[in-house]
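Chain naming here is simple, since letters A, B, ... match the order of the sequence lines and numbering starts at 1 in each.
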Protein chains: 2
Amino acid sequence: MSVYTPPILTVDNVVFSLIAGDLSVLLIERANDPFKGVRALPGGYNAAGETTMDAVARVLKSKAGINLSELNYIEQLYTFDTVARDPRGHAVSVSYMGLCRDIVIPLDKGLQNPQFFPVKNLPKLAYDHVDIISYAHTRLCFKITYTNVVWALLPNMFTLTQLQSAYESILMKSLDKRNFRKKFLSLGLVVASKEFFKDGAHRPARLYKFKKQSLEVLSRSFD
Amino acid sequence: MSVYTPPILTVDNVVFSLIAGDLSVLLIERANDPFKGVRALPGGYNAAGETTMDAVARVLKSKAGINLSELNYIEQLYTFDTVARDPRGHAVSVSYMGLCRDIVIPLDKGLQNPQFFPVKNLPKLAYDHVDIISYAHTRLCFKITYTNVVWALLPNMFTLTQLQSAYESILMKSLDKRNFRKKFLSLGLVVASKEFFKDGAHRPARLYKFKKQSLEVLSRSFD
DNA sequence: ACAAAAGTGTTAAGAATACACCCATGT
DNA sequence: ACATGGGTGTATTCTTAACACTTTTGT
């Protein structure tokens with residue numbers, strides 16, 4: 001094994017957030033070739049001695065100015081390894097999905113122009129990043145039906161309409177209001193607060209919060 | 001990036017089979033240190049220019065004498081990357097789960113003593129391979145409830161008792177016979193043949209087969 | 001005739017779906 | 001008073017879960 005040369009190892013991070021009601025993904029603009037100026041997931045090299053999560057944290061900070069702790073949830077997705085995915089040579093990429101609330105992206109000169117883009121209207125992307133995003137989106141669609149993971153995308157207190165609209169944005173289909181509420185409340189994941197959200201000329205909406213802001217797997221699944 | 005050194009990349013393959021009614025996993029015996037003589041998953045280095053699936057195929061053949069094509073199903077599981085998992089240095093391992101029927105393991109001198117071991121009674125294992133097997137088992141438990149993937153573990157023709165027993169071995173719990181049959185048949189994944197399986201002093205059992213021997217995702221899930 | 005596994009049906013409880021109107025507020 | 005989004009209930013269908021006896025065969 002003395003002549004063994006490993007492929008290059010990279011990480012790529014799909015960070016989802018609900019921006020103006022749309023499921024959106026964080027993209028940077030590549031600073032160098034290949035794909036200079038093209039939008040891409042925040043990603044980069046993984047050196048020996050550093051875990052893939054360490055690499056994700058480092059890259060997220062250096063390219064998008066975001067701390068890993070600003071993500072409420074993160075999980076590993078899949079490792080993309082086709083030999084031709086990087087024109088420079090064989091690069092194997094471990095992908096992650098992160099979820100966050102409305103987040104302030106710093107406007108720093110050192111960063112690679114990080115911005116959120118709605119998933120339903122993505123720009124041209126570098127590498128196989130469309131596939132990675134699509135994989136992440138599929139995973140998220142499943143995950144919100146059998147876990148409480150939406151908490152990671154919502155503010156601490158939210159209305160049931162906001163909650164339903166989060167599901168609708170992710171699943172990209174509309175749901176029946178009465179059935180949604182009945183079912184979600186029967187799962188017992190959220191508690192009603194005594195506060196209301198007032199917003200314009202209509203009845204104020206009761207605010208709810210999740211009992212646990214950590215991953216719970218449901219006994220019966222949703223939708 | 002000229003000083004960039006990637007971690008070593010390896011693959012590990014969890015091959016499940018039902019042996020004498022027990023969910024079992026293929027293990028080899030390590031030929032060299034570290035963990036010389038200890039049981040381990042068939043795994044090994046992944047060189048640049050080769051996909052992880054290529055590496056899985058190569059390793060499976062060279063260490064266990066099995067061709068990738070003898071597996072009816074294979075999927076990538078997860079990438080294990082804790083820095084301390086290999087005492088020799090940082091090694092990132094992409095793990096796979098393969099499923100096969102009763103298979104003939106060659107008794108070849110060049111091989112690393114490949115054998116199937118029941119999951120409920122595993123020997124001491126090298127590295128973090130217990131964790132990898134446990135991850136694979138969990139994945140398989142989920143997968144059999146929302147897909148037709150058991151086909152990959154069963155012979156072409158099988159009785160409903162065999163099918164139920166496959167579910168019971170994997171899920172490690174017993175199921176109600178009438179409910180199991182009613183539900184499984186209502187899914188429409190299998191067709192009854194006109195043949196029967198005779199086996200001792202009792203009523204012969206009708207043989208069934210799967211309509212499709214490829215992955216199908218069910219609309220409603222099972223169990 | 002008996003031992004051993006195959007095969008079969010009903011009832012009750014819970015979950016999913018479809019669907020339309022009144023309520024509280026600001027202007 | 002009206003426009004806006006918030007909030008609620010019922011009936012039907014489908015799914016799940018619990019449960020025990022008869023059938024076919026070989027010895």
Side-chain angles (χ1 to χ4, degrees), chain A residues 18 20-21 141-142 144-148 154-155 157-169 171 173-209 217-223, chain B residues 18 20-21 141-142 144-148 154-155 157-169 171 173-209 217-223:
Chain A
L18 292 166
C141 286
F142 280 103
I144 59 170
T145 69
Y146 71 90
T147 71
N148 66 344
L154 288 171
M157 305 273 274
F158 50 86
T159 68
L160 292 181
T161 300
Q162 271 179 284
L163 179 63
Q164 179 175 346
S165 137
Y167 271 85
E168 291 178 332
S169 310
L171 299 173
K173 69 177 183 191
S174 58
L175 302 170
D176 179 86
K177 182 160 64 159
R178 281 172 291 185
N179 293 338
F180 178 86
R181 288 171 182 232
K182 193 170 359 133
K183 188 161 176 185
F184 207 94
L185 292 175
S186 81
L187 293 173
L189 298 174
V190 294
V191 281
S193 77
K194 301 229 156 96
E195 293 166 61
F196 289 83
F197 178 66
K198 294 193 190 192
D199 162 39
H202 54 84
R203 182 170 172 176
R206 184 178 290 275
L207 288 164
Y208 289 77
K209 57 179 158 184
V217 176
L218 308 183
S219 49
R220 57 188 229 269
S221 79
F222 196 79
D223 281 79
Chain B
L18 292 166
C141 286
F142 279 103
I144 59 170
T145 69
Y146 71 90
T147 71
N148 67 345
L154 288 171
M157 305 272 274
F158 51 86
T159 68
L160 292 182
T161 300
Q162 272 179 282
L163 179 65
Q164 180 176 344
S165 137
Y167 272 85
E168 291 177 331
S169 310
L171 299 173
K173 69 176 182 191
S174 57
L175 302 171
D176 178 87
K177 182 159 67 158
R178 280 171 294 185
N179 290 339
F180 178 86
R181 288 171 181 231
K182 196 170 355 131
K183 190 163 175 182
F184 208 95
L185 293 175
S186 81
L187 293 173
L189 298 174
V190 294
V191 280
S193 77
K194 300 229 156 96
E195 293 166 61
F196 290 82
F197 178 66
K198 293 192 191 193
D199 162 38
H202 55 83
R203 183 169 173 176
R206 186 179 288 275
L207 287 164
Y208 288 77
K209 56 180 160 184
V217 177
L218 308 184
S219 49
R220 59 188 224 270
S221 81
F222 196 79
D223 281 79

query: How is B:Ser186 classified with respect to the nucleic acid when contacts are heavy atoms under 4.0 Å: base, sugar-phosphate, or nothing?
result: nothing

- line: note: A:Gln164, atom CD; D:dG7, atom C1'; distance rounded to Å ~ 12 Å

task: Specify the residue among A:His202 and A:Leu185 whose closest nucleotide of DNA chain D lies further upstream toward the 5′ end.
output: A:His202

- request: Starting from C1' on D:dT27, measure out to CG on B:Asp199 and report it in whole angstrom.
  value: 14 Å

task: For B:Thr159, answer base if it contacts any base atom (sugar-phosphate contacts may also be present), sugar-phosphate if it contacts only those atoms, and nothing otherwise; contact means non-hydrogen atoms under 4.0 Å.
output: nothing

- request: Remember a base hit wins even if backbone is also touched, and classify B:Lys177 as base, sugar-phosphate or nothing at under 4.0 Å, heavy atoms.
  value: base

task: Please tell me which of the listed nucleotides, C:dC19, D:dA18, C:dA24, lies nearest to the side chain of A:Asp176?
output: C:dC19

task: Report the relative orientation of the aromatic rings in A:Tyr167 and A:Phe184; use parallel for angles under 30°, tilted for 30 to 60°, perpendicular for over 60°.
output: perpendicular

message: In this structure, how many angstroms lie between the P atom of C:dT17 and the CZ atom of A:Arg181, rounded?
response: 18 Å

message: For B:Ala201 and B:Leu160, find the nucleotide of DNA chain C closest to each by heavy atoms; which residue's nucleotide sits nearer the 5' end?
response: B:Ala201

- prompt: Within this structure, what is the CG-to-C1' distance between A:Leu175 and C:dA18, rounded to whole angstrom?
  reply: 14 Å

task: Quickly work out the A:Gln162 CD to D:dG6 C1' distance and round it to whole Å.
output: 13 Å

message: Please report the distance, rounded to the nearest Å, between CZ in A:Phe197 and P in D:dG7.
response: 12 Å

query: Any donor and acceptor pair, going by atom type alone, linking the side chain of B:Thr147 with main-chain N or O of B:Val217 inside 3.5 Å?
result: no

query: Within this structure, what is the CZ-to-P distance between B:Phe180 and C:dG7, rounded to whole angstrom?
result: 13 Å

message: Quick check for you: among D:dA18, C:dT25, D:dT24, whose closest atom lies nearest to any side-chain atom of B:Lys182?
response: D:dA18

message: Is it the case that over 12 heavy atoms from other parts of the model lie below 6.0 angstrom from the NZ atom of B:Lys209?
response: no

query: Of the nucleotides C:dC19, C:dG9, D:dT16, which has the atom closest to the B:Arg178 side chain?
result: C:dG9

- line: Of the candidates C:dG9, C:dG7, C:dT25, the side chain of A:Pro204 sits closest to C:dT25

statement: Regarding the side chain of A:Arg203, the nearest nucleotide among C:dA6, C:dC19, C:dA24 is C:dA24

B:Phe142 atom CZ: more than 12 heavy-atom contacts under 6.0 Å: no

message: Please confirm whether the shortest side-chain N or O distance from B:Thr161 to OP1 or OP2 of C:dA6 is below 4.0 Å.
response: yes

- prompt: Taking NZ from A:Lys198 and C1' from D:dG6, how many angstroms apart are they, rounded to a whole number?
  reply: 13 Å

- prompt: So, B:Arg181 and B:Ser186: side-chain donor and acceptor under 3.5 Å apart, yes or no?
  reply: no

query: Is B:Arg206 touching bases, backbone alone, or none of the nucleic acid, heavy atoms closer than 4.0 Å?
result: sugar-phosphate

query: What about A:Asn179: does its side chain form a donor-acceptor pair under 3.5 Å with the base of C:dA18?
result: yes

- prompt: Out of curiosity, A:Phe180 CZ to A:Glu168 CD, how far, rounded to the nearest 0.5 Å?
  reply: 8.0 Å

message: Just N and O in the side chain of B:Lys183: are any of them under 4.0 Å from OP1 or OP2 of D:dT16?
response: yes

